[in-house]
Amino acid sequence: MNQKKLTVPEEVGFSSEHLKYIDEVMERAIDEKVMKGMVTLVARHGKIVQYKAYGEARDGEPMTRDHIFRLASMSKPIGAVALLQLFDQGKVMPSDPLSDYIPAFANSKVALADENGEISLVDPIRPVTVHDILTMEAGIVAIRALGEEDQASKYCAKLYEEAGIIDTMHALDTTIEDMVDRLAGLPFASQPGSRWYYSNLSSIVGGRIVEIVTGQNINDYIKEHIFEPLGMTETSFYPEEALWNRIPAVYEVGSMRRLDELDVMGTDDTRLPFGPARSYFSVAAGLSGTVMDYFHFAQMLCDHGSYHGNRILSPNAVKLLSTNHIREQRTNLYGHAWGYMVNVQEDYNTMFNYMGLGSYGWHGYWGSVFNVWPEKDVVAIFISQVSPVLPSWKIQERFLNVVANAIIDP
């Protein structure tokens with residue numbers, strides 16, 4: 001593990017005394033059985049001021065800073081960065097029709113529901129673009145929707161299931177090429193750019209575009225172009241067996257019952273990192289890694305695309321990723337704006353608040369969040385392994401609030 005000496009908080013404009021409130025927030029979460037164990041990290045100007053493990057990884061086993069966590073949807077921004085690298089190289093444009101890369105999408109209709117819920121299939125008003133994929137406004141829905149469902153999305157989700165599409169966290173014995181081929185040509189649930197649907201399949205389609213353009217599978221591409229230059233040596237889709245003892249168990253919020261059997265198709269599998277089939281590389285929710293590794297990635301974003309002299313993205317590409325691209329009246333179920341696979345904080349009257357206006361990041365299903373605040377040059381990461389995720393959000397939010405309020409310089 002990359003052990004880094006902590007910086008005295010006051011040297012970078014933090015209050016040491018205020019940061020101690022993080023301990024109280026974490027200990028309260030453990031006492032109230034919202035969390036079993038977690039790791040937190042706070043940095044400013046690239047210097048780490050807080051980096052600590054709390055609680056247990058398993059019954060009787062202390063959590064440590066080098067545990068390897070299921071990143072779940074915190075995989076999505078990594079997949080977005082892979083696609084944005086191709087933007088930088090002029091190989092893919094946000095305005096490119098999706099069908100330029102996957103021709104079968106040119107045959108996709110749009111499902112419209114009338115006032116009686118009857119579905120008709122119509123032509124898209126314009127082609128779905130790569131931009132629509134990254135903003136989740138292509139009309140590709142989740143099979144198990146997390147937000148408000150409508151008749152068109154239910155209709156499309158049923159067709160996805162009938163086509164054998166699985167969009168949950170599983171080590172499937174297939175490839176993302178196969179899954180996207182099953183999806184291509186099926187209807188969209190809304191006109192392009194008209195509605196935001198949180199969808200793992202949107203991320204998976206983005207990963208498939210990377211594969212088509214580069215000729216590499218997404219696993220090899222990300223390893224070569226993101227993980228290796230960032231020194232993310234312990235992040236992968238399927239950790240090697242020698243590392244399995246460093247992957248925490250998942251616990252149920254409230255009871256703290258260990259969850260080892262969420263393995264029925266159609267649910268999310270806690271055992272994904274150990275899957276015997278190691279061919280399905282989902283940048284939607286398939287990565288596992290350490291908090292320190294993810295810090296390297298988040299700090300790269302905070303430093304406008306560069307980390308320790310390694311240029312991963314252009315500053316303009318980072319701005320594309322972290323800018324709100326959806327209209328105010330269509331903000332997502334969290335009440336936030338949405339960039340390219342990240343939430344963007346543009347208001348405080350929301351379901352979940354980050355560190356400050358203009359900060360951005362995303363969650364993971366098993367109880368995690370990362371947040372980058374460019375204005376203050378701050379990165380904060382919180383990772384746990386619990387289910388269901390919603391009760392953990394307030395713990396994450398309290399953590400980010402303490403971090404933001406610990407800043408003492410103007």
Side-chain angles (χ1 to χ4, degrees), residues 1-14 19 39-51 65 71 74-89 134 221-235 283 287 289-325 339-345 354-362 368-383 400 403-404 406-407 409-410:
M1 184 185 69
N2 186 358
Q3 292 276 4
K4 290 192 176 183
K5 183 178 179 182
L6 298 188
T7 295
V8 174
E10 281 72 16
E11 292 181 7
V12 290
F14 272 119
L19 285 172
V39 176
T40 60
L41 184 150
V42 181
R44 194 174 193 202
H45 308 319
K47 297 181 178 180
I48 300 171
V49 298
Q50 196 270 0
Y51 179 29
R65 300 190 305 185
L71 296 174
M74 281 173 56
S75 306
K76 288 180 172 71
I78 294 174
V81 165
L83 193 47
L84 282 164
Q85 288 180 324
L86 304 183
F87 290 3
D88 277 343
Q89 298 163 24
L134 283 167
Y221 180 87
I222 286 177
K223 190 181 301 182
E224 179 181 347
H225 296 278
I226 298 177
F227 293 163
E228 289 178 1
L230 287 177
M232 296 173 68
T233 59
E234 295 188 313
T235 301
V283 288
L287 288 166
T290 62
V291 168
M292 180 57 73
D293 270 12
Y294 209 91
F295 165 66
H296 294 178
F297 175 76
Q299 188 61 50
M300 174 274 293
L301 294 176
C302 197
D303 285 341
H304 312 288
S306 180
Y307 183 75
H308 288 187
N310 290 318
R311 172 63 61 186
I312 306 299
L313 279 184
S314 69
N316 186 59
V318 175
K319 187 174 181 180
L320 272 172
L321 178 139
S322 58
T323 296
N324 175 30
H325 295 293
Y340 283 171
M341 299 298 167
V342 293
N343 237 358
V344 182
Q345 184 81 37
Y354 284 152
M355 287 188 290
L357 299 182
S359 65
Y360 63 92
W362 196 229
S368 59
V369 70
F370 87 100
N371 196 208
V372 174
W373 195 3
E375 179 187 349
K376 299 295 185 180
D377 199 14
V378 173
V379 169
I381 302 171
F382 168 102
I383 301 189
L400 295 174
V403 174
I407 298 171
D409 61 12

Side-chain contact test, heavy atoms from C-beta onward, threshold under 4.5 Å: evaluate it for [X] versus [Y] and give yes or no.
{"X": "I312", "Y": "Q85", "answer": "yes"}
{"X": "D293", "Y": "L230", "answer": "no"}
{"X": "T235", "Y": "F297", "answer": "no"}
{"X": "Y51", "Y": "M292", "answer": "yes"}
{"X": "R44", "Y": "D409", "answer": "yes"}

Open item on the list: Holding to side-chain hydrogen bond (donor to acceptor under 3.5 Å, both in side chains), I want the full list of residues that pass it with E11, two or more places apart in sequence or in another chain.
Closed with: none
Open item on the list: Please enumerate all residues that pass side-chain hydrogen bond (donor to acceptor under 3.5 Å, both in side chains) together with Q50, with sequence neighbours excluded.
Closed with: T40, Y54
Which pair of heavy atoms, one from [X] and one from [Y], lies closest together, and at what distance?
{"X": "G79", "Y": "V283", "value": "CA-CB, 3.9 Å"}
{"X": "E224", "Y": "P229", "value": "O-CD, 3.3 Å"}
{"X": "S75", "Y": "L287", "value": "OG-N, 3.1 Å"}

Open item on the list: Does H304 have more than 12 heavy atoms from other residues, nucleotides or ligands lying within 6.0 Å of its NE2?
Closed with: no
Spatial distance of atom [atom1] ([X]) from atom [atom2] ([Y]) [nearest 0.5 Å]:
{"X": "S359", "Y": "E375", "atom1": "OG", "atom2": "CD", "value": "9.5 Å"}
{"X": "L301", "Y": "L313", "atom1": "CG", "atom2": "CG", "value": "7.0 Å"}
{"X": "D88", "Y": "N316", "atom1": "CG", "atom2": "CG", "value": "7.5 Å"}
{"X": "I381", "Y": "M74", "atom1": "CD1", "atom2": "CE", "value": "6.0 Å"}

Task: Partners passing side-chain contact (heavy atoms from CB on, under 4.5 Å) against A82 (at least two apart in sequence or in another chain) - done: V210, I218, Y221, I222, I226
Is [X] reaching over with its side chain to a backbone N or O of [Y], donor-acceptor style, under 3.5 angstrom?
{"X": "Q345", "Y": "Y354", "answer": "yes"}
{"X": "Y294", "Y": "F370", "answer": "no"}
{"X": "S306", "Y": "D303", "answer": "no"}
{"X": "H325", "Y": "L320", "answer": "yes"}
{"X": "N371", "Y": "Y360", "answer": "yes"}

